[in-house]
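One structure below.
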Amino acid sequence: MNRFFFKVNGEEHCPKGVARPKNAGDWEGGTVLIPNNGPSRIGSRGAAPSVAIGDEIWIWTHEDEQYGRGLGLTAQATAAGVSANGEFIEVALLDVQLLDRPFGFRNFAGDPTGSRFLDQVDRNRAHNAYLIEDEDYPEFIAVVKERNVPLSEEVQDEHVQDWDRALAKYKDTLLKDLETRRAATLKVRPLQSAFRNALFETYSERCVVSGCKVPEALEAAHIMPHNGDPMWDQVENGLLLRRDLHALFDAFLWSVDPKSGALHVSGRLKSTDYARFSGRKIRHKAATELLKCHFLQFKKLADGHQGAVSSA
């Protein structure tokens, strides 16, 4: 048996185009696509063996927005079948096991991973398949075991992994803040710079709506208002927006449907240039629970005024 590491664009190369599986069933029995030249070795040590039934497979879905917005190292599985398909080799998956805590290269913040193999893979983010050599496996699996430890409830609370719990806890305050934010004066907070920098990195310095790449025109927008608690300064509670779109987002003149990812604009903007954004699919990394709160408030205000421009 050999061990292989698949570096893939989840949307293009994983079963059903699922980059972020919610359970093993999303990938079980499906196929992962690897380049048709087969696996390679890290470094120059000759050709790697082909993938065969029974081999151990590790799947890493690309984290970047343009490559599927994956979670990094996501699952371990067994190869159940291998077949050629044009420019790809299809590898069927069996016994898929999702990691409790998927991790990507961003988690290492540029520092060495502790695995020679992962450090080498980090230098080449392209779609590929690699043989995990026997001498590299102990370091590799040690990093996986260290990173894959489930967070304790205490740590989950600290980092707000469960946004539903946070929303329930602060519901009244958040709803009040959402109502008043439209006319609020922006306040600079000690952690605001870190929040802004994190969003710039996450969204590759582009506005998620317009694609604007002028740094001076971009702002870090909170989905749920910041009430002074640093837990709201997480990437999942933010969008990188052009300054004017940020102001309109805070005023609930547009929002994002958390189910479809489609942008909706208020009827007040139907005769403006902003109406062209209606229906645009927004590729974001925000928490669905937080977007849902914003979208429901947007719909409430739209229903009470001129309505919203359809995204159909």
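It should be emphasised that the depicted structure is a prediction, and the values quoted were computed from it without experimental measurement. Values reported hereafter were calculated over all heavy atoms of this structure, with side chains retained and with hydrogens, waters and symmetry mates removed. Numbering of residues begins at 1 and proceeds along the displayed sequence.
- Between Arg41 and Glu133 a salt bridge is recorded (basic side-chain N to carboxylate O distance below 4.0 Å).
- Counting only distance, with no hydrogens or angles, the side chain of Asn148 and the backbone of Arg101 share a donor-acceptor pair below 3.5 Å.
- When all heavy atoms of Leu239 and Leu199 are compared, the closest pair comes out as O-CD1, 3.8 Å.
- Residues Arg147 and Pro102 are not in side-chain contact: their nearest non-hydrogen atoms beyond the backbone lie 4.5 Å or more apart.
- Taken from CG in Leu269 to CZ in Phe277, the straight-line distance is 10.5 Å, to the nearest 0.5 Å.
- A distance of 8.5 Å separates CG of Leu218 from CD of Glu205, quoted to the nearest 0.5 Å.
- The closest side-chain heavy-atom distance from Leu240 to Thr202 is not below 4.5 Å.
- At a threshold of 4.5 Å between non-hydrogen side-chain atoms, the residues Leu290 and Trp232 count as touching.
- Once rounded to the nearest 0.5 Å, the distance linking OG1 of Thr288 with CG of Asp257 reads 10.5 Å.
- A donor-acceptor pair is defined here as one N or O able to donate and one able to accept, closer than 3.5 Å; no such pair exists between the side chain of His264 and the backbone of Lys299.
- Taken from CD in Gln76 to CG in Asp95, the straight-line distance is 9.5 Å, to the nearest 0.5 Å.
- Of the possible donor and acceptor atoms, none in the side chain of Arg280 sits under 3.5 Å from a partner among the backbone N and O of Ser210.
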- [ ] Could you go through the side chain to side chain donor-acceptor pair (under 3.5 Å) check for Asp136 and Tyr130 one step at a time?
- [x] CA-CA 12 Å; Asp136 289 326; Tyr130 299 99; over 6 Å; no

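- When hydrophobic clusters are built by joining Ile, Leu, Val, Met, Phe, Trp and Tyr residues whose side-chain heavy atoms come closer than 4.5 Å, directly or via intermediates, Leu131 is grouped together with Ile89.
- When all heavy atoms of Ser255 and His294 are compared, the closest pair comes out as OG-ND1, 2.8 Å.
- Between Trp254 and Phe249, the distance separating the two ring centers is shorter than 6.0 angstrom.
- Remark: the backbone N or O of Thr113 is paired with a side-chain donor or acceptor of Asp119 at under 3.5 angstrom.
- Counting non-hydrogen atoms of neighbouring residues, nucleotides and ligands closer than 6.0 angstrom, the CG atom of Asp134 reaches no more than 12 such neighbours.
- Taken to the nearest 0.5 Å, the CE atom of Met224 stands 13.5 Å off from the CD atom of Glu236.
- Listed for the Thr272 side chain is a donor-acceptor partner under 3.5 Å among the backbone atoms of Tyr274.
- Using a 4.5 Å heavy-atom threshold, the side chains of Leu291 and His284 count as touching.
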TODO: Give the C-alpha distance, both sets of side-chain angles, the deciding distance and a yes or no for side-chain contact (heavy atoms from CB on, under 4.5 Å) between Val32 and Ile57.
DONE: CA-CA 10 Å; Val32 173; Ile57 307 297; over 6 Å; no

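- Of all non-hydrogen atoms in Leu241 and Cys207, the two that sit nearest each other are CA-SG, 3.8 Å.
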TODO: Output, in order, the C-alpha distance, side-chain angles, deciding distance and verdict of side-chain contact (heavy atoms from CB on, under 4.5 Å) for Val8 and His62.
DONE: CA-CA 6 Å; Val8 299; His62 207 301; over 6 Å; no

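- Between Arg3 and Met1 there is a side-chain heavy-atom pair separated by less than 4.5 Å.
- Here the side chains of Phe298 and Val256 are not in contact, with every heavy-atom distance at 4.5 Å or above.
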- [ ] Quick one: do Trp58 and Val144 satisfy side-chain contact (heavy atoms from CB on, under 4.5 Å)? Show the steps, please.
- [x] CA-CA 11 Å; Trp58 293 86; Val144 172; 4.0 Å; yes

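- Counting only heavy atoms from C-beta outward, the side chains of Arg206 and Lys213 approach each other to under 4.5 Å.
- Residues passing the side-chain hydrogen bond (donor to acceptor under 3.5 Å, both in side chains) test with Asp122 are Arg125, sequence neighbours excluded.
- A continuous path of hydrophobic side-chain contacts links Tyr137 to Ile42 [ILVMFWY only; heavy atoms under 4.5 Å].
- Taking all atoms of both residues into account, the shortest heavy-atom contact from Gly72 to Thr74 is O-OG1, 2.8 Å.
- In this structure, the side chain of Glu28 engages the main chain of Val96 through a donor-acceptor pair within 3.5 Å.
- At least one donor-acceptor pair closer than 3.5 Å links the side chain of Thr61 to the backbone N or O of Leu71.
- Taking all atoms of both residues into account, the shortest heavy-atom contact from Leu98 to Ala24 is CD1-N, 3.7 Å.
- Of the possible polar contacts, none joining the Asn237 side chain to the His222 backbone as a donor-acceptor pair under 3.5 Å is found.
- For Trp27 (side chain) and Val18 (main-chain N/O), a donor-acceptor pair under 3.5 Å exists by modelled atom type.
- Put simply, the side chain of Glu12 does not reach to within 4.5 Å of the side chain of Phe88, judged on heavy atoms.
- With hydrogens and angles ignored, the 3.5 Å screen pairs no side-chain donor or acceptor of Lys292 with any backbone N or O of Ala287.
- Between Glu219 atom CD and Arg243 atom CZ the span is 4.5 Å, to the nearest 0.5 Å.
- Each of Phe140, Phe117, Phe6, Phe105 was scored for a ring pair (Phe, Tyr, Trp, His ring centres under 6.0 Å) with Trp60, with one residue passing: Phe105.
- Between Gly238 and Ile223, the shortest heavy-atom contact is N-CD1, 4.0 Å.
- Remark: Arg242 engages Asp244 in a salt bridge (charged side-chain N to carboxylate O under 4.0 Å, His left out) (not counting sequence neighbours).
- One hydrophobic cluster holds both Val235 and Phe195 under the rule that ILVMFWY side chains link at heavy-atom gaps under 4.5 Å.
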Task: From CA spacing to verdict: side-chain contact (heavy atoms from CB on, under 4.5 Å), Lys281, Ser260 - done: CA-CA 8 Å; Lys281 296 288 185 178; Ser260 66; 3.8 Å; yes

